[in-house]
Amino acid sequence: MAASKVLKVASRAAELAASIGAGLAKAALAVKIDGKLSDLSLPITGDAKVEIITRKSAEALELIRHDTSHVMAEAVQELFPGTQVTIGPSIENGFYYDFARNEPFSTDDFPKIEEKMREIMKRNAPIERKVMSRADAIKHFEGKGEAYKVELIRDLPEDQTITIYQQGAWGDLCRGPHLPSTGTIGGAFKLTKLAGAYWRGDSKNAMLHRIYGTAWRDDKELADYLMMIEEAEKRDHRKLGRELDLYHFQDEAPGSVFWHQKGWAVYRCLEAYMRRRQDATGYTEVKTPQLYDSSLFKASGHWDMYGDKMFKVQIAKSNEEGSRDETLGLKPMNCPGHAQIFKQGIKSYRDLPIRMSEFGNCHRNEAHGAMHGLLRVRQMTQDDGHIFCTEAQIMEESLQFCKLVSETYTDMGFKIHRVRLATRPDVRGGTDEVWDKAEGAMHAALKAAGFEYDLNEGDGAFYGPKIEFYLRDAIGREWQCGTLQCDFVLPERLDIAYIGEDGQKHRPVMLHRATLGTFHRFMGVLVEHYAGKFPFWMAPIHAVVCTITNDADGYAEEVYQKLLDAGLRVQIDLRPEKINAKIRDHSLQKVPAILVVGKKEAEGQSVAIRRLDGQAQEVVGLTEAIERLVKEATPPDLLRKKGL
RNA sequence: GCUGCCGUAGCUCAGGGGUAGAGCACGUCCUUGGUAAGGACGGGGUCCGCGGUUCAAUUCCGCGCGGCAGCACCA
């Protein structure tokens with residue numbers, strides 16, 4: 001809870017809290033002065049809007065995590081002398097601290113470190129802010145052999161106040177703010193994992209040892225979080241893919257996917273959906289080659305920029321003089337191919353916009369460590385598209401695409417949760433003038449679409465700014481899937497043009513866009529979001545017909561055939577197993593509907609429908625059952641079209 | 001690619017310098033049972049690959065391949 005009060009005299013935040021009430025004084029952890037988070041002990045001078053931060057506020061959680069990281073660093077240095085400290089911030093759900101040490105840590109060290117941390121928290125030493133001169137600070141850390149801290153101080157801007165936060169005998173260079181004492185942290189934390197991390201995030205630098213932890217306000221929050229992690233493990237798409245027989249991976253094809261029938265059925269659903277949506281919104285679907293001569297990628301700029309991540313094929317070509325080598329590249333994206341189709345014949349301004357789509361299969365030689373199940377692969381298919389348009393059309397086209405993304409995500413069971421605009425990176429193509437234009441257009445489109453968005457500075461593509469659409473899954477995780485990129489550079493490089501009203505050649509703008517992103521990644525997200533229980537319309541198997549005894553086999557076959565004829569994805573289970581076993585097997589396979597048939601149903605031309613996760617059964621006439629299932633299996637866009 | 005960990009049956013995993021085990025799955029037979037596991041028996045392994053140490057390596061060491069976590073990367 002935040003309290004605010006206008007203060008006219010110089011005071012300390014702690015005193016202010018006390019003046020409001022003893023309860024608040026006790027609960028106060030930090031203070032926000034004119035919107036800036038500060039230590040409770042800091043004086044407030046002049047007129048200021050002051051908010052007292054208590055345990056319940058969002059800022060408190062950040063402080064708890066940051067302080068826990070300091071306590072961990074103190075514990076580690078007590079337990080492992082000779083270890084140097086570097087940095088240790090709070091992050092989403094917790095904190096980490098990077099240490100420099102020859103010997104790596106082991107997770108076996110965690111209990112020891114955690115115990116020491118609790119001991120430090122119990123000591124409840126006050127956390128005190130000390131201002132030091134640059135020279136003193138350097139001397140201080142040099143004396144302790146903390147080379148990384150010295151480097152940090154040396155790199156701080158001249159006018160930066162250098163502060164050290166001291167808790168008992170241990171202190172750390174830190175801009176703060178911090179809680180009043182180590183005892184106020186609360187102790188709802190757990191060390192979670194171990195990893196290497198580069199000093200200052202640069203792979204040229206030394207590798208440090210990072211210890212991750214999670215920290216919360218109280219034990220209940222911690223338990224909830226740990227439960228969420230467990231839930232995420234249960235939903236792991238790699239595990240579910242195997243268990244549900246959707247797809248598999250194997251060593252001989254690293255970074256690629258073997259789609260099994262069931263996984264492919266879902267994939268086909270997504271593809272069919274996107275094809276219908278794009279066909280309905282003025283896209284022309286094309287298919288372009290996989291292999292191109294290197295000259296095309298040299299022209300587009302990709303060869304220089306990403307050549308080392310492309311799969312290249314060398315072939316020998318012979319002519320009169322002998323043979324020479326020619327290098328082809330497997331396409332890592334579809335845009336140069338689409339530009340070639342655009343270039344065929346002469347395009348008029350009357351032809352624009354041209355919305356070209358392709359379920360394009362691309363190859364990228366991703367680093368080993370980057371690959372992750374379906375979420376990051378070396379061979380993927382995008383629901384790619386390029387809109388060739390005039391500058392004046394950027395806004396309208398962007399708006400239309402935003403609408404498509406929005407509706408698509410809703411149909412898939414998500415909402416757009418966050419939109420970001422990634423702006424010009426350091427290494428980029430095109431002039432600043434062109435970038436100004438492209439970024440300006442993207443800002444305008446986002447505003448017109450009514451999206452709240454934030455900036456992701458410096459994270460744009462090398463040819464243009466990028467709108468990133470994020471969705472949130474069932475357990476609160478964010479995923480970036482869809483994207484819209486505005487490109488003035490590639491049309492220039494590949495020399496594509498249209499004839500304007502004035503009879504002159506003009507450059508079109510290319511909008512690169514993908515709604516689901518890649519089918520691979522989106523499938524992974526879907527599996528985890530639904531924990532394998534897909535909505536009926538995209539379920540790999542809609543229904544299984546199960547017999548009670550083999551006496552009903554004949555009728556079951558009839559039911560099965562009728563469902564197949566109705567276009568449903570159906571299986572039949574005639575095994576001489578008990579119905580309990582069949583129910584269990586198909587429930588574990590997460591089939592949404594089990595149709596049980598026995599003597600009674602055969603006599604009454606009916607089926608007993610049992611839903612996944614439901615215990616009740618419903619006996620329905622066969623004709624009605626088929627009608628109902630067919631409707632449920634109808635994709636949401638087609639339901640709308642039919643007005644159902 | 002980097003750091004750490006890992007690679008044993010289809011899957012999940014135990015074991016350990018003397019050529020290997022469980023549960024599930026699979027096969028055969030019995031069972032025909034009304035809504036989340038019926039029973040019996042059985043088959044199954046280049047212990048990731050290649051080198052080294054050793055009388056002997058799945059086990060120890062090195063290299064390679066692949067995976068996991070994180071970092072870096074992500075047109």
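Chain naming here is simple, since letters A, B, ... match the order of the sequence lines and numbering starts at 1 in each.
Here C2(B) is the nucleotide among U32(B), A75(B), C2(B) with the atom lying nearest to any side-chain atom of Tyr198(A). Among the nucleotides G38(B), U12(B), A75(B), the one closest to the side chain of Arg242(A) is U12(B). The Asn550(A) side chain lies nearest to G33(B) when the options are C11(B), G33(B), A75(B). Among the nucleotides A37(B), C73(B), C68(B), the one closest to any side-chain atom of Arg238(A) is C68(B).
C47(B) and A57(B) have their C1' atoms separated by 11 Å, given to the nearest Å. Taking atom C1' in both G7(B) and C11(B), the straight-line distance is 15 Å, to the nearest Å. Rounded to a whole angstrom, the distance from the P atom of G42(B) to that of G67(B) is 39 Å.
Looking at residues 512-524 of chain A, you'll see that no heavy atom sits under 4.0 Å from any atom of RNA chain B. Against RNA chain B, the stretch residues 455-463 of chain A makes heavy-atom approaches under 4.0 Å through Ala461(A), Tyr463(A).
Across all strands shown, Gln485(A) has heavy atoms under 4.0 Å from sugar-phosphate atoms exclusively, and none from any base. Residue Glu601(A) is in base contact, counting any heavy-atom pair closer than 4.0 Å across all strands shown. Heavy atoms of Lys204(A) sit nowhere under 4.0 angstrom from any nucleic acid atom.
Side-chain atoms of Arg376(A) and base atoms of C74(B) include a donor and an acceptor less than 3.5 Å apart. For A75(B), its base never sits under 3.5 Å from the side chain of Arg428(A) at any donor and acceptor pair.
Nucleotide A57(B): unpaired (no Watson-Crick or G-U wobble partner with both distances less than 3.5 Å). Base pairing of C29(B): its partner is G39(B), meeting the Watson-Crick or G-U wobble criterion (both donor-acceptor distances under 3.5 Å). If you check G49(B) for Watson-Crick or wobble pairing at under 3.5 angstrom, you find it paired to C63(B). Pair assignment for G44(B): none, as no Watson-Crick or G-U wobble contacts are both less than 3.5 Å. A75(B): no Watson-Crick or G-U partner with both key distances under 3.5 Å is found in any strand. Pair check for C2(B) finds G70(B); Watson-Crick or G-U wobble, both atom distances under 3.5 Å. When both pairing distances are held under 3.5 Å, A22(B) makes a Watson-Crick or G-U pair with U12(B). Of the nucleotides present, none pairs with G17(B) by Watson-Crick or G-U wobble criteria with both distances under 3.5 Å.
At least one side-chain nitrogen or oxygen of Lys466(A) sits closer than 4.0 Å to the OP1 or OP2 atom of A75(B). Contact between the side-chain N/O atoms of Arg210(A) and the OP1/OP2 oxygens of A69(B) is not found at any separation under 4.0 Å.
Positionally, the nearest nucleotide of RNA chain B for Leu208(A) lies more toward the 5' end than for the other of Leu208(A) and Asp551(A). Of the two residues contacting RNA chain B, namely Ile594(A) and Met207(A), the nearest-nucleotide position lying further toward the 5' end is that of Met207(A).
Atom NZ in Lys239(A) sits roughly 14 Å away from atom P in A69(B) (whole-Å rounding).
The nearest pair of heavy atoms linking Thr423(A) to Gly458(A) is OG1-N, 3.0 Å.
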Quick test: give all pairs of protein nitrogen or oxygen and nucleotides 42-44 of chain B nitrogen or oxygen below 3.5 Å, distance rounded to 0.1 Å.
none

For this session: Please assess Arg235(A) against Asp473(A) for the test side chain to side chain contact (heavy atoms under 4.5 Å, CB included), listing each intermediate value before the final yes or no.
Result: CA-CA 11 Å; Arg235(A) 287 165 181 256; Asp473(A) 75 7; over 6 Å; no

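Side-chain polar atoms of Gln77(A) and Glu146(A) form a donor-acceptor pair below 3.5 angstrom. No hydrogens or angles considered: nothing links the side chains of Lys600(A) and Ser606(A) as a donor-acceptor pair under 3.5 Å.
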